[in-house]
Amino acid sequence: MSTSSSYLDSLFSLRDRVAVVIGGTGELCSAIAGGLAGAGAEVVLVGRNEAKARARLERIAAAGGRGWFHSAEATERGQLEALRDAVLARSGRIDIVVNGAGINSATPFLDISEEEFDRILRVNIKGVFLGCQVFGRHLVEQKRGAIINIGSMSGLTPLSRVFTYSATKAAVHNLTKNLAREWAPHNVRVNTLVPGFFPAEQNRKVLTPDRVASIMAHTPMKRFGEPHELIGAAILLASDAGAFITGVDLVVDGGFNAMSL
């Protein structure tokens with residue numbers, strides 16, 4: 001191995017670490033999980049779609065990585081506690097937690113029902129709250145670890161047509177900063193990874209032609225992001241290269257957040 005490769009490995013390697021990726025069967029978190037595995041981590045894909053998880057795990061294994069699937073509902077404390085215990089029993093440690101479960105809706109504001117509002121809040125903020133609390137307790141006790149919460153551009157700057165989603169993501173950003181401050185003395189880092197516009201299952205319904213045109217006009221790179229383009233940022237936040245990074249919103253958006261006119 002060359003000197004430069006050794007240096008990069010010492011910064012970014014996740015060898016001998018275990019990453020729990022909640023929402024790991026979704027398109028973006030599935031790609032992030034693959035990237036963490038590529039950096040050496042053993043990944044635990046958490047979700048409800050075992051078929052999608054198996055497909056990703058096959059690709060991870062083909063690339064020389066390690067991982068396994070655990071079915072759990074992000075909004076159920078008991079299931080997350082069982083997940084935590086299962087990971088510790090099987091893998092012996094937990095180093096990285098990605099909270100990526102989320103749902104969206106394009107319902108006009110005056111037509112949003114209380115049931116829809118409650119459902120989106122339950123997944124998008126309660127799920128992150130529980131993931132941080134259940135796994136954060138363990139990381140604080142062991143005095144090391146990294147939590148990556150998946151945020152959104154709409155959590156930083158309110159976007160039209162996704163009212164409840166925007167509110168929940170704003171809450172995720174706020175919660176992340178509060179936990180970063182609270183847990184920094186315990187060597188537990190908490191950051192938000194903020195994708196720009198990445199077409200995925202939960203947002204394709206709002207990507208109408210006029211909205212796509214508006215997004216492209218506001219994105220200097222004039223294209224959507226690809227899921228694999230989140231991997232570098234995720235590895236930075238999870239690895240020793242990010243040892244002094246906590247409480248940040250790491251934006252990966254092709255310049256969208258830099259545009260004002």
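In this chain, numbering begins with 1 at the start of the sequence shown.
No more than 12 heavy atoms of other residues, nucleotides or ligands lie within 6.0 Å of CD in Glu182, so this atom counts as exposed by the packing criterion.
For the side chain to side chain donor-acceptor pair (under 3.5 Å) with Asn124, the qualifying choice from Thr168, Asn99, Asn104 is Thr168, the only one to do so. Of the residues listed (Thr192, Leu236, Val194), the one engaging Leu250 in a side-chain contact (heavy atoms from CB on, under 4.5 Å) is Leu236, and it is the only one.
Of the possible donor and acceptor atoms, one in the side chain of Asn191 sits under 3.5 Å from a partner among the backbone N and O of Ile245. Looking only at distances, no side-chain donor or acceptor of Arg56 sits under 3.5 Å from a matching main-chain atom of Thr25. Checked by atom type and distance alone, the side chain of Arg189 pairs as donor or acceptor with a backbone atom of Gly242 at under 3.5 Å. The backbone N or O of Ala170 sits nowhere less than 3.5 Å from a side-chain atom of Asn174 that would complete a donor-acceptor pair. Put simply, the side chain of Lys143 never gets that close to the backbone of Pro185: no donor and acceptor are under 3.5 Å apart. Arg66 places a side-chain N or O within 3.5 Å of a backbone atom of Gly40 that can act as its donor or acceptor partner. Distance alone, capped at 3.5 Å, is enough to place a donor-acceptor pair between the Ser152 side chain and the Ser154 backbone.
Between the CD atom in Glu115 and the CZ atom in Arg122 there is a gap of 14.0 Å [rounded to 0.5 Å]. Here the CG atom belonging to Asn49 is positioned 10.5 Å from the OG atom belonging to Ser30, to the nearest 0.5 angstrom. Note that CZ of Phe117 and OH of Tyr165 are 15.5 Å apart. Values are rounded to the nearest 0.5 Å. With values rounded to the nearest 0.5 angstrom, Ile96 atom CD1 is found 11.5 Å from Ile147 atom CD1. Atom CG of Asn149 and atom NZ of Lys177 lie 11.5 Å apart (nearest 0.5 Å). Atoms CD1 and CG, from Ile215 and Asp210 in turn, are 9.5 Å apart once rounded to the nearest 0.5 Å.
Ile150 approaches Val172 most closely through the heavy-atom pair O-CG1, 4.1 Å. Nearest heavy atoms, Ala33 versus Val43: O-CG1, 3.5 Å. Shown here for Gly23 and Cys29, the closest heavy-atom pair between the two residues is O-CB, 3.2 Å. Taking each heavy atom of Gln142 and Ile94 in turn, the nearest pair found is NE2-O, 2.8 Å. Across all non-hydrogen atoms, the minimal contact from Val87 to Val18 is CG1-CG1, 3.8 Å. Closest of all the heavy-atom pairs between Ala234 and Ile148 is O-CD1, 3.6 Å.
One hydrophobic cluster holds both Leu36 and Ile60 under the rule that ILVMFWY side chains link at heavy-atom gaps under 4.5 Å. Connection of Val98 to Val134 is not established within any shared hydrophobic cluster, with ILVMFWY side chains joined at heavy-atom distances below 4.5 Å, either directly or through further cluster members. When hydrophobic clusters are built by joining Ile, Leu, Val, Met, Phe, Trp and Tyr residues whose side-chain heavy atoms come closer than 4.5 Å, directly or via intermediates, Leu45 is grouped together with Ile231. In terms of hydrophobic clustering, with Ile, Leu, Val, Met, Phe, Trp and Tyr side chains grouped at heavy-atom distances under 4.5 Å, Leu237 and Val97 are assigned to different clusters. When the side chains of ILVMFWY residues are joined at heavy-atom separations under 4.5 Å, either directly or via intervening members, Phe198 and Met259 end up in two distinct hydrophobic clusters.
Sorted by first and then second residue, the ring pair (Phe, Tyr, Trp, His ring centres under 6.0 Å) pairs involving residues 55-112 (not counting sequence neighbours) are Phe109-Phe163. Sorted by first and then second residue, the side-chain hydrogen bond (donor to acceptor under 3.5 Å, both in side chains) pairs involving residues 230-248 (not counting sequence neighbours) are Arg17-Asp240. Note on residues 232-261: pairs passing ring pair (Phe, Tyr, Trp, His ring centres under 6.0 Å), not counting sequence neighbours, are Phe197-Phe256, His218-Phe256. The stretch residues 221-235 participates, sequence neighbours left out, in these side-chain hydrogen bond (donor to acceptor under 3.5 Å, both in side chains) pairs: Arg223-Glu229.
Remark: Asp16 engages no residue in a salt bridge (charged side-chain N to carboxylate O under 4.0 Å, His left out) (not counting sequence neighbours). With sequence neighbours excluded, the residues that form a salt bridge (charged side-chain N to carboxylate O under 4.0 Å, His left out) with Arg144 are Asp95. By the side-chain contact (heavy atoms from CB on, under 4.5 Å) test, Glu73 pairs with Arg48, Thr75, Glu76, Gln79, sequence neighbours left out. Here Ala39 pairs with Leu14, Ile235 under the side-chain contact (heavy atoms from CB on, under 4.5 Å) rule; sequence neighbours left out. For Ala171, the side-chain contact (heavy atoms from CB on, under 4.5 Å) partners at least two apart in sequence or on another chain are Ile125. Checked against salt bridge (charged side-chain N to carboxylate O under 4.0 Å, His left out), Glu58 has no partners two or more places apart in sequence or in another chain. Residues that satisfy the side-chain contact (heavy atoms from CB on, under 4.5 Å) test with Thr107, not counting sequence neighbours, are Ser105, Asp111, Ile112, Glu116. Among residues two or more places apart in sequence or in another chain, the salt bridge (charged side-chain N to carboxylate O under 4.0 Å, His left out) test is passed with Arg90 by none.
Within the 4.5 Å cutoff, no side-chain heavy atoms of Thr157 are placed close to those of Met153. Proximity of Val252 to Pro195: side-chain heavy atoms (C-beta onward) are nowhere separated by under 4.5 Å. Under the 4.5 Å side-chain criterion, counting only non-hydrogen atoms from C-beta, Leu80 is in contact with Ile22. Between Thr176 and His173 the shortest side-chain heavy-atom distance does not fall below 4.5 Å. Counting heavy atoms from C-beta outward, Lys169 and Val162 have side chains that stay 4.5 Å or more apart. Looking at Thr208 and Arg161, their side chains come closer than 4.5 Å, going by heavy atoms from C-beta outward. When side chains are defined from C-beta on, Glu27 does not count as touching Pro199, because their heavy atoms never get closer than 4.5 Å.
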